[in-house]
Amino acid sequence: MSSEKEAALAALPNDNPTIFDKIIKKEIPSTVVFEDEKVLAFRDINPQAPTHILIIPKVKDGLIGLSKAEERHVEILGYLLYVAKVIAKQEGLEDGYRVVINDGPSGCQSVYHIHVHLLGGRQMNWPPG
Ligand code: 5GP
């Protein structure tokens, strides 16, 4: 079993602070590629493509995963996708890229703070694994 899948199956879906809270507070280092008052984007520690960036809201507001989305989250959800597009341009991904949100154990989510994966720099395959 892949380590990503093992991590996802071991992770408990709850609203406790995650590693991403420490990254937001700069208590642990990350390579930040974009930051404003609403979101932080940084390079994934275990990249699955030449470009692999995680985009997260700075305030979780119960949004531990997409399945927990409420109507009040519509603005931040849209903004996360918009920022993915901005960063894709910044990273020079003119030929295309993939945006992914894993949700829950079956979706291979391992960190319960919603995040958008931006993947690019290689040819993607379909269907995904
Ligand atoms: P998920 O599997 O929940 O969709 O994605 C979580 C992602 O967070 C994984 O791709 C994993 O590599 C990444 N990740 C986990 N811990 C850290 C960390 O401490 N720093 C960074 N930059 N990425 C992390």
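Just so we're clear, the structure is a prediction, and the values are computed from it rather than from any experiment. Numbering of ligands and ligand atoms starts at 1, following listing order. FYI, side chains are in, hydrogens and waters are out, and symmetry mates aren't considered; it's all heavy atoms of this structure.
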State plainly whether one hydrophobic cluster holds both [X] and [Y], where clusters connect Ile, Leu, Val, Met, Phe, Trp and Tyr through side-chain heavy atoms under 4.5 angstrom apart.
| X | Y | value |
| --- | --- | --- |
| I24 | V33 | no |
| I64 | V39 | no |
| L77 | V86 | yes |
| L80 | I53 | yes |
| V116 | V83 | yes |

Looking only at protein heavy atoms, which one is nearest to [atom], and how far off is it?
| atom | value |
| --- | --- |
| atom 3 (O) of ligand 1 | S110 N, 2.6 Å |
| atom 7 (C) of ligand 1 | D44 OD2, 3.5 Å |
| atom 22 (N) of ligand 1 | R43 O, 2.9 Å |

Numbering the atoms of ligand 1 from 1, which are under 4.0 Å from a heavy atom of [X]?
| X | value |
| --- | --- |
| I23 | 18 (C), 20 (N) |
| C108 | 1 (P), 2 (O), 4 (O) |
| H115 | 1 (P), 3 (O), 4 (O), 5 (O), 6 (C) |
| N46 | 12 (O) |
| E4 | 2 (O), 9 (C), 12 (O) |

Going by an N to O cut-off under 4.0 Å, is there a salt bridge joining K89 and E94? no
Neighbour count >12 (heavy atoms, 6.0 Å) for atom CD, E27: yes
Is the count of non-hydrogen atoms from other residues, nucleotides or ligands lying under 6.0 Å from D95 atom CG greater than 12? no
Distance flag, aromatic centroids of H115 and H117, threshold under 6.0 Å: yes
Do the two ring centres, one from F20 and one from Y112, sit under 6.0 Å apart? no
What do we get for [X] next to ligand 1 when only non-hydrogen atoms under 4.0 Å count, side chain, backbone, both or neither?
| X | value |
| --- | --- |
| V100 | neither |
| A8 | neither |
| S30 | neither |
| I45 | both |

Taking N or O atoms only and a 3.5 Å limit, does [X] qualify as a polar contact for ligand 1?
| X | value |
| --- | --- |
| V111 | yes |
| N102 | yes |
| L54 | no |
| H117 | yes |

Could you tell me if the side chain of R98 sits less than 4.5 Å from the side chain of V100, heavy atoms only? yes
The option among T31, I19, V116 carrying the non-hydrogen atom nearest to atom 19 (O) of ligand 1 is I19
Tell me whether ligand 1 is touched by Q48 - counting only heavy atoms on the residue side and a distance under 4.0 Å. no
If the contact criterion is a heavy-atom separation under 4.0 Å, does F20 count as touching ligand 1? yes
Listed partners of D103 passing salt bridge (charged side-chain N to carboxylate O under 4.0 Å, His left out), at least two apart: none
